[in-house]
Amino acid sequence: MTDIAEMTSVPSVSLATSHSDPDGFAQAIGRSFERFGFAVVADHGIPAELIARAEATARAFFALPEAVKRAYCVEGGAGQRGYTPFRVETAKDATEADLKEFWHVGRELPAGHRFAGEMPANIWPAEVEDFRRVTLELFDAFEATGRRILSAIARYLGLAPDVFDDAIEDGNSILRLLHYPPIGPDAPGIRAGAHEDINAITLLLGAEEGGLQLLDRDGRWLAVGIAPGELVVNIGDMLQRLTNRKLPSTSHRVMNPPPERRGFARYSMPFFLHFRPDYLIETLPQTIDAAHPNQFPEPITANDYLLQRLREIKLI
């Protein structure tokens, strides 16, 4: 088996093997996360026809007139539901806003749910048929796949495979439908500035169109290449805190396309898998030793950490 330090590109691992060889899969994906903060996952179980329907739904929404889309922008909502217009989200410490627009779908909660105050209700565009049904179906499929990957991460850390199940039950997860419009050669900034994700893990569909790069530990930007239909998964800041940086939340960005691709839009669908709002992010004792002292001695709830980070990226 290749030593972690010798890995030079993000490997592709098959989620299908998690049933037949759960420990082998856990080692394969865990080593990739420990080395890069990223993994590429094949055979992820999200149906191709569902992905195609969801992308068609996203394209239909983003093709609507600007005034129609902006009617679904929630004032004071921190971008957590509905529409966020082009050039609003800004990477932490960046001077230029990202060249993107997006729509957020969250968990559907029953009336009177204990997390209703932290997790706002979804809103739905009337102009796009089946928008609600398709996006909620994709939300559920993403969450099921994310649960399997978290189980493998738990095994890699020497924990019970179901240790994170309670943490993500009623989690504040978000599905983002993302549109990067065609851009000219003099576009200000880039499609997505260098950033780290806030949540536990992110699952990304639609990275076949180039541009996604991660900041490797040698300080160089490394392109994340995938085969059609594969899933890109990365560690977020919440899991980085929990694991005392054993699994790093790696800086990544989406670069502008080369001249021959400037006239093409880029669509992708990231799923930000979050812990439930009251989950206490407290460094796992298994990741602390004399060589690795606790870098996050002050525990914080998932919701408090989320609000802190939303302020940093100027959505609050």
Side-chain angles (χ1 to χ4, degrees), residues 54-107 118-132 134-136 138-139 172-199 202 204-207 209 211-212 252-257 261-272 274 306-316:
E55 182 174 320
T57 295
R59 287 176 179 268
F61 174 76
F62 290 119
L64 293 172
E66 186 69 14
V68 174
K69 291 186 291 187
R70 284 182 175 270
Y72 294 104
C73 186
V74 181
E75 188 70 30
Q80 293 305 285
R81 299 294 184 268
Y83 178 63
T84 295
F86 187 67
R87 298 201 71 205
V88 168
E89 187 173 69
T90 305
K92 181 182 175 182
D93 300 326
T95 57
E96 292 283 357
D98 291 347
L99 305 179
K100 66 189 183 189
E101 58 180 342
F102 54 88
W103 182 282
H104 275 170
V105 174
R107 186 179 303 281
E118 292 85 6
M119 295 161 60
N122 283 312
I123 59 176
W124 306 107
E127 294 80 4
V128 181
E129 185 178 4
D130 287 340
F131 189 100
R132 180 178 185 273
V134 171
T135 55
L136 289 179
L138 184 62
F139 186 105
N172 192 11
S173 298
I174 288 179
L175 168 62
R176 174 180 285 188
L177 304 180
L178 185 54
H179 174 224
Y180 302 96
I183 57 175
D186 57 348
I190 61 174
R191 282 181 158 173
H195 65 284
E196 302 82 44
D197 290 347
I198 300 170
N199 43 293
T202 300
L204 171 67
L205 287 169
E209 179 76 25
L212 178 62
H252 52 285
R253 65 187 184 184
V254 179
M255 293 300 293
N256 294 343
R261 298 295 297 174
R262 283 179 187 150
F264 292 84
R266 186 181 198 269
Y267 296 87
S268 63
M269 295 176 287
F271 181 78
F272 303 107
H274 277 265
L306 172 64
L307 294 176
Q308 174 184 307
R309 289 297 309 281
L310 289 176
R311 292 186 186 98
E312 291 174 350
I313 61 174
K314 302 177 184 177
L315 286 178
I316 293 181

Does any N or O in the side chain of R81 come within less than 3.5 Å of the main-chain N or O of P120, such that one atom is a donor and the other an acceptor?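 Flag set: sc R81 to bb P120 pair under 3.5 Å.
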
Between the side chain of H179 and the main-chain N/O of A58, is any donor-acceptor distance below 3.5 Å?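 Answer holds: no.
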
In chain order, what residues pass the salt bridge (charged side-chain N to carboxylate O under 4.0 Å, His left out) check against E196, with sequence neighbours excluded?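 Per chain and number, E196 pairs via salt bridge (charged side-chain N to carboxylate O under 4.0 Å, His left out) with no residue.
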
Can you list everything that forms a salt bridge (charged side-chain N to carboxylate O under 4.0 Å, His left out) with R253? Sequence neighbours excluded, please.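 Partners of R253 by the salt bridge (charged side-chain N to carboxylate O under 4.0 Å, His left out) criterion come out as none, since no residue qualifies.
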
For H274, all residues meeting side-chain hydrogen bond (donor to acceptor under 3.5 Å, both in side chains), sequence neighbours excluded: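 If we apply the side-chain hydrogen bond (donor to acceptor under 3.5 Å, both in side chains) test to H274, skipping adjacent residues, there are no hits.
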
Write down the atom of [X], the atom of [Y], and the distance for their closest heavy-atom approach.
X: F131; Y: V105; result: CE2-CG2, 4.4 Å
X: G79; Y: H104; result: O-ND1, 2.5 Å
X: K100; Y: P181; result: CA-CD, 4.4 Å
X: T135; Y: W124; result: OG1-CZ3, 3.3 Å
X: H195; Y: A192; result: CE1-CB, 4.5 Å

F61: partners by ring pair (Phe, Tyr, Trp, His ring centres under 6.0 Å), with sequence neighbours left out: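 Testing F61 for ring pair (Phe, Tyr, Trp, His ring centres under 6.0 Å), a comparison that skips the adjacent residues, returns Y83, W103.
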
Inspect the surroundings of CD in E129 and state if more than 12 heavy atoms from other residues, nucleotides or ligands are less than 6.0 Å away.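 Atom CD in E129 is not packed in, count stays at 12 or less.
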
Contact between [X] and [Y] at the side-chain level, heavy atoms closer than 4.5 Å - yes or no?
X: P85; Y: K69; value: no
X: L64; Y: V128; value: yes
X: F272; Y: D197; value: yes
X: L177; Y: F102; value: no
X: N122; Y: F139; value: no
X: D130; Y: T57; value: no
X: N199; Y: I174; value: no

Students often mix this up, so state it plainly: with edges at 30° and 60°, are the rings of F62 and Y267 parallel, tilted or perpendicular?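 Tilted: the ring planes of F62 and Y267 meet at 30° to 60°.
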
Could you go through D98 and V254, starting from their C-alpha distance and side-chain angles, then the distance that decides it, and tell me whether this counts as side chain to side chain contact (heavy atoms under 4.5 Å, CB included)? CA-CA 9 Å; D98 291 347; V254 179; over 6 Å; no

Provide the full list of side-chain hydrogen bond (donor to acceptor under 3.5 Å, both in side chains) pairs with a residue in residues 71-80, sequence neighbours left out, each pair given once.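 Every pair satisfying side-chain hydrogen bond (donor to acceptor under 3.5 Å, both in side chains) with a residue in residues 71-80: Y72-E127.
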
What residues form a side-chain contact (heavy atoms from CB on, under 4.5 Å) with S268, not counting sequence neighbours?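 So S268 forms a side-chain contact (heavy atoms from CB on, under 4.5 Å) with L178, Y180, L204, R266, P270.
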
